[in-house]
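Step one of this worksheet: look at the structure below.
Just so it is clear, the structure is predicted and the values come from calculations on it, not from any experiment. Atoms within each ligand, like the ligands themselves, are counted from 1 in listed order.
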Amino acid sequence: MPPKLLAPSVLAGDWWNIGKQIEETIKGGADLLHFDVMDGHFVPNITAGYELLSHIKRRTDIPIDAHLMIQEPDRYIPKFVSAGASWVSVHIENNPHIHRTIELIKQHGAKAGVAINPGTPLYLLEEVIHYADFILLMSVNPGFSGQSFIPRSLERLRKLKRMRDELNPDCLIQIDGGIKEENVREVVRAGADVVVVGSGIFGAKNIREKTERIKKLILSEVSV
Ligand code: DX5
Ligand code: ZN
């Protein structure tokens, strides 16, 4: 059985207090930190880059998962890995050489993930799933935290899980966007192994308790 992991998404945090908030999620049982990278081209928003990531990495041992929502990811992958990202995902939509990109991520020693937007058909993953360490299924359109979960994502999760079980049982399924305490069990039941939670954790008064509660729910649920 694949592990069930919780990845708080730091984009949703309060950047004035981000160090303390990250520590709270770790005390609450976070397994990895999800770090969203946006370039204002692939998505209509700009966030942080590898230098900021390296500052976080210097202060904590938790693995960092860099979700690259950028054009020309190959140019930056080595920098993100040497800054401390041990999981790196890139989007399938803007990449005609996705196999090469996956190999590049692996050569640098990180787990390689392929991210897919809500409007992109899952059959595009049929080849690449053989090589990927994880698939990141977007359940909102990438660009912002705090958006609502797109309900059809549950059906997509089930379908992706069937594809994964058949083609590459070692590949993990990560879900990202609009996950809260209220719907986390549903996404795990539908097939998610790694759950990204942004505003659902960082929007809470008590971040540590919220992380603990969501982690417990993830571990209590089994995918069917
Ligand atoms: C959206 C990002 C997500 C986002 C999740 O483009 O990829 O990781 O930060 O935030 P919530 O959980 O608030 O939707
Ligand atoms: Zn993300």
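Here Arg156 contributes atom CZ and Met163 contributes atom CE; the two are 9.5 Å apart, rounded to the nearest 0.5 Å. Going from atom CG of Leu137 over to atom OG1 of Thr120 covers 10.0 Å, rounded to the nearest 0.5 Å.
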Atom pairs and distances, side-chain donor-acceptor, residues 201-209, under 3.5 Å, sequence neighbours left out:
{"from": "Asn206", "atom 1": "OD1", "to": "Arg208", "atom 2": "N", "distance (Å)": "3.2"}
{"from": "Asn206", "atom 1": "OD1", "to": "Glu209", "atom 2": "N", "distance (Å)": "3.0"}
{"from": "Asn206", "atom 1": "ND2", "to": "Glu209", "atom 2": "OE2", "distance (Å)": "3.2"}

Atom pairs and distances, side-chain donor-acceptor, residues 125-135, under 3.5 Å, sequence neighbours left out:
{"from": "His130", "atom 1": "NE2", "to": "Glu126", "atom 2": "O", "distance (Å)": "3.4"}
{"from": "Asp133", "atom 1": "OD2", "to": "Ala112", "atom 2": "N", "distance (Å)": "2.8"}

With a 3.5 Å cut-off and sequence neighbours excluded, list the donor-acceptor pairs that the side chains of residues 193-200 form with protein atoms.
{"from": "Asp193", "atom 1": "OD1", "to": "Lys4", "atom 2": "NZ", "distance (Å)": "3.4"}
{"from": "Asp193", "atom 1": "OD2", "to": "Arg164", "atom 2": "NH1", "distance (Å)": "2.9"}
{"from": "Asp193", "atom 1": "OD2", "to": "Ile173", "atom 2": "N", "distance (Å)": "2.7"}
{"from": "Ser199", "atom 1": "OG", "to": "Lys180", "atom 2": "NZ", "distance (Å)": "2.9"}

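Among protein heavy atoms, atom 1 (C) of ligand 1 sits closest to Phe144 O, 3.6 Å. In this structure, atom 13 (O) of ligand 1 lies nearest to the protein heavy atom Ser199 OG, 2.5 Å. The protein heavy-atom contact nearest to atom 6 (O) of ligand 1 is Gly143 N, 2.7 Å.
Against a heavy-atom cut-off of under 4.0 Å, His34 is close to the following atoms of ligand 1: 8 (O). The ligand atoms of ligand 1 that sit less than 4.0 angstrom from a heavy atom of Met138 are 7 (O). Shown in contact with Gly177 at under 4.0 Å from a heavy atom are these atoms of ligand 1, numbered in order with element: 14 (O).
The aromatic rings of Phe80 and Tyr50 sit perpendicular, their planes meeting at an angle over 60°, well past the 30° parallel limit.
Ionic pairing of Lys111 and Asp65 is not present here: no N-O contact between side-chain nitrogen and carboxylate oxygen is shorter than 4.0 angstrom. Ion pairing between a basic and an acidic side chain is recognised when a charged N comes within 4.0 Å of a carboxylate O; Glu24 and Lys27 show such pairing.
Protein contacts to the Zn ion (ligand 2) involving N, O or S atoms at a distance below 2.8 Å are His34 NE2, Asp36 OD1, His67 ND1, Asp176 OD2.
Proximity of Ser9 to ligand 1, defined as any heavy-atom pair under 4.0 Å, is confined to the side chain (atoms from C-beta onward).
The nearest pair of heavy atoms linking Leu53 to Ala83 is CD2-O, 3.5 Å. Closest approach of Asn94 and Gln71 over heavy atoms only: ND2-OE1, 2.9 Å. Closest heavy-atom contact between Ile22 and Leu33: CG2-CD1, 3.7 Å.
Considering both main-chain and side-chain atoms, Ser145 never comes within under 3.5 Å of ligand 1 through any nitrogen or oxygen pair. Polar contact check, Met69 against ligand 1: no nitrogen or oxygen pair lies under 3.5 Å apart.
Under a 4.0 angstrom heavy-atom cut-off, Lys180 registers as lying outside contact with ligand 1. Judged by the shortest distance from any of its heavy atoms, Gly200 lies outside the 4.0 Å radius around the atoms of ligand 1.
With 3.5 Å as the limit, one finds a donor-acceptor pair spanning the side chains of Thr101 and Asn95.
By heavy-atom distance, the residue among Asp176, Val197, Ile179 lying nearest atom 8 (O) of ligand 1 is Asp176. Relative to atom 14 (O) of ligand 1, the option among Gly13, Gly198, Gly178, Ala115 with the closest non-hydrogen atom is Gly178.
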